There are 2 protein chains.
Amino acid sequence: MKLSANEEYGLRCLVRIGYAGEGGNVTIPEMSQAEGVSPAYAAKILRVLRKGGFVKAARGKDGGYTLARPAESIVIGDVMDVLGGRIFESSFCDSHAGQAAICTRSVDCSVRSLWRAVQVSVDQVLSKATLRDLLQNEEDMNTWVRAIPGAKGLHSIQ
Amino acid sequence: MKLSANEEYGLRCLVRIGYAGEGGNVTIPEMSQAEGVSPAYAAKILRVLRKGGFVKAARGKDGGYTLARPAESIVIGDVMDVLGGRIFESSFCDSHAGQAAICTRSVDCSVRSLWRAVQVSVDQVLSKATLRDLLQNEEDMNTWVRAIPGAKGLHSIQ
DNA sequence: CCTAATCTGCACTTTTTAGTCAAGATTACT
DNA sequence: AGTAATCTTGACTAAAAAGTGCAGATTAGG
Ligand code: FES
Ligand code: FES
């Protein structure tokens with residue numbers, strides 16, 4: 001249950017494009033430099049974001065990437081789904097099925113229930129976060145996080 | 001942010017051993033059969049659980065695996081840490097640092113703040129779940145999940 | 001039309017994770 | 001002691017994810 005490289009760099013690139021603001025565009029060499037990844041790799045990640053409909057690219061001289069829509073309409077949960085998939089997908093239990101009583105695409109599996117709970121818990125945070133929320137500094141972000149309704153316990157973030 | 005094979009099978013094996021109850025032991029061939037993985041792979045996973053201190057093994061004829069301590073004292077969060085690591089580890093931002101203003105082991109990174117929030121959110125569920133909780137059927141488990149204090153929104157689980 | 005700056009697509013290599021194999025060590029039973 | 005059932009270990013192979021390379025397409029500007 002770790003973040004994949006795709007998720008990490010993908011989100012960071014998206015934030016960087018968001019920073020450029022309406023009309024401002026960011027090129028692959030710029031992002032490569034800023035995030036410390038190779039241009040080729042940045043390009044690969046950007047492709048995923050583009051195919052996901054979060055950014056659009058302009059080719060040719062003076063080209064680069066821009067947000068495909070306003071930052072406040074880009075939900076981080078959706079971005080993460082595209083970049084790295086979900087923790088709990090029901091297909092998982094089908095393909096990784098065992099043979100005995102529990103965990104056999106069983107209608108009665110407590111483990112599956114737990115995964116679902118974890119997924120819901122994550123969604124609770126990621127579905128409320130938009131790119132707009134990330135375009136602020138860490139302190140403001142922490143304030144935002146503490147304000148997530150129903151996310152008690154997150155108060156432990158300092 | 002997907003479950004790794006280690007996490008999935010590891011937890012399932014642990015549950016299976018838990019089912020055997022105090023004194024009851026489960027062998028590698030049995031687990032292999034039940035979970036639909038090869039004996040060798042089951043052995044590899046069990047080793048992780050053993051080194052993590054969750055199960056203990058008895059060798060020789062009539063050997064097998066037993067819980068190292070009572071199910072209610074085995075916290076699933078701890079098991080997951082051993083099986084697959086955590087979503088947000090502060091070392092991550094050091095090793096994957098970029099070079100520009102944001103995300104450079106920066107003291108001011110909103111993305112990092114979000115990862116922390118997600119981690120806390122997951123911990124909220126996994127630190128409250130013990131193996132005992134998993135040794136019940138899915139329906140009871142769902143009831144348990146809904147009762148997590150502060151986990152509003154999890155009510156959407158049906 | 002030419003050039004330089006840019007994105008695009010796909011195939012490739014490297015690294016990590018998943019999964020296998022085989023030889024060895026331990027124990028219960030006779 | 002001998003045998004069969006069991007776990008233990010480390011090295012091996014296979015698959016997936018991460019990361020690279022390159023030839024091509026697009027655009028702005030002269
Ligand atoms: S059915 Fe998927 S974990 Fe049990
Ligand atoms: S410092 Fe780690 S994501 Fe920004």
Side-chain angles (χ1 to χ4, degrees), chain A residues 1-13 16-17 20 24-33 35-68 80 82-85 89 92 95-96 98, chain B residues 1-13 16-17 20 24-33 35-68 80 82-85 89 92 95-96 98:
Chain A
M1 225 157 64
K2 284 196 273 216
L3 288 171
S4 68
N6 252 6
E7 288 166 323
E8 172 71 13
Y9 292 123
L11 188 52
R12 268 152 58 160
C13 285
R16 204 162 287 281
I17 294 169
N25 68 341
V26 188
T27 68
I28 285 176
E30 281 166 1
M31 258 172 298
S32 157
Q33 250 275 293
E35 301 298 349
V37 300
S38 73
Y41 190 35
K44 190 173 186 174
I45 292 166
L46 265 306
R47 175 145 81 132
V48 177
L49 288 175
R50 175 169 50 88
K51 296 216 162 177
F54 304 113
V55 302
K56 58 187 175 195
R59 285 180 168 195
K61 203 166 186 322
D62 302 340
Y65 291 88
T66 319
L67 292 185
M80 296 304 281
V82 166
L83 289 172
E89 319 196 43
F92 189 93
S95 57
H96 292 69
Chain B
M1 225 157 63
K2 285 196 273 217
L3 287 171
S4 68
N6 251 5
E7 289 167 324
E8 172 72 13
Y9 292 122
L11 188 52
R12 268 152 58 162
C13 285
R16 203 162 287 280
I17 294 169
N25 67 342
V26 187
T27 67
I28 285 176
E30 282 165 0
M31 259 171 296
S32 156
Q33 250 275 294
E35 302 298 348
V37 299
S38 73
Y41 190 35
K44 190 173 186 175
I45 292 166
L46 266 305
R47 174 144 81 136
V48 177
L49 288 176
R50 175 170 49 86
K51 296 214 164 180
F54 304 113
V55 303
K56 60 188 174 193
R59 286 180 166 195
K61 200 162 186 326
D62 302 340
Y65 292 88
T66 320
L67 292 186
M80 295 306 279
V82 167
L83 290 172
E89 319 197 41
F92 189 93
S95 58
H96 291 69

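Chain identifiers are assigned alphabetically (A, B, ...) following the order of the sequence lines, protein sequences preceding nucleic acid strands; residue numbering begins at 1 within each chain. The structure displayed is predicted, hence computed values, not measured ones.
Checking the phosphate oxygens (OP1, OP2) of C/dT20, a side-chain nitrogen or oxygen of B/Ser38 falls inside 4.0 Å. Residue B/Tyr65 places at least one side-chain N or O under 4.0 Å from the OP1 or OP2 atom of D/dT8.
Using a 4.0 Å heavy-atom distance criterion, B/Arg50 is classed as a sugar-phosphate-only contact. A/Pro39 comes within 4.0 angstrom of no nucleic acid atom, judged by non-hydrogen atoms across all strands. Contact annotation for B/Ala40: base contact, defined as any heavy-atom pair under 4.0 Å involving a base atom.
When distances run from any side-chain atom of A/Pro29 to the nucleotides C/dG19, C/dC7, D/dT8, the shortest one goes to C/dC7. Nearest to the side-chain atoms of A/Tyr41 among the listed nucleotides D/dA18, C/dG19, D/dC7 stands D/dA18. You'll find that the side chain of B/Asp62 is closest to C/dC29, out of C/dC7, C/dC29, D/dA18. Closest to the side chain of B/Lys44, from the set D/dA18, C/dA18, C/dT8, is C/dA18.
Residues A/Ile17 and A/Leu46 have side chains in contact (heavy-atom distance under 4.5 Å, counting atoms from C-beta outward). Here the side chains of B/Glu30 and B/Gln33 are not in contact, with every heavy-atom distance at 4.5 Å or above. With contacts defined as side-chain heavy-atom distances shorter than 4.5 Å, the pair A/Arg12/A/Arg16 does not qualify. The shortest side-chain heavy-atom distance between B/Val82 and B/Leu49 does not fall under the 4.5 Å cut-off. By the 4.5 Å heavy-atom criterion applied to side chains, B/Ile28 and B/Tyr65 are counted as neighbours.
Between the CD1 atom of A/Ile17 and the C1' atom of C/dT6 there is a distance of 14 Å, given to the nearest Å. The CD-C1' distance, from A/Glu7 to D/dA17, rounds to 12 Å in whole Å. Spacing between atom CG of B/Leu3 and atom P of D/dA17 amounts to 14 Å, rounded to whole angstrom units. For the pair B/Asn25 CG and C/dT26 P, the interatomic distance rounds to 19 Å; values are reported in whole Å. If you take CE of B/Met31 and C1' of D/dC7, they are 11 Å apart, rounded to a whole angstrom. Rounded to whole Å, the distance from CZ on A/Arg47 to C1' on C/dT6 is 16 Å. Note: NZ (A/Lys56) to P (C/dT8) measures 13 Å, nearest angstrom. D/dG19 atom P lies 13 Å from atom CD of A/Glu35, rounded to whole Å.
In the interface, the side chain of A/Lys61 is not paired with the base of D/dG29 through any donor and acceptor atom under 3.5 Å apart.
Position along DNA chain C of the nearest nucleotide to B/Arg59 versus B/Asn6 favours B/Asn6 as the more 5'-ward residue.
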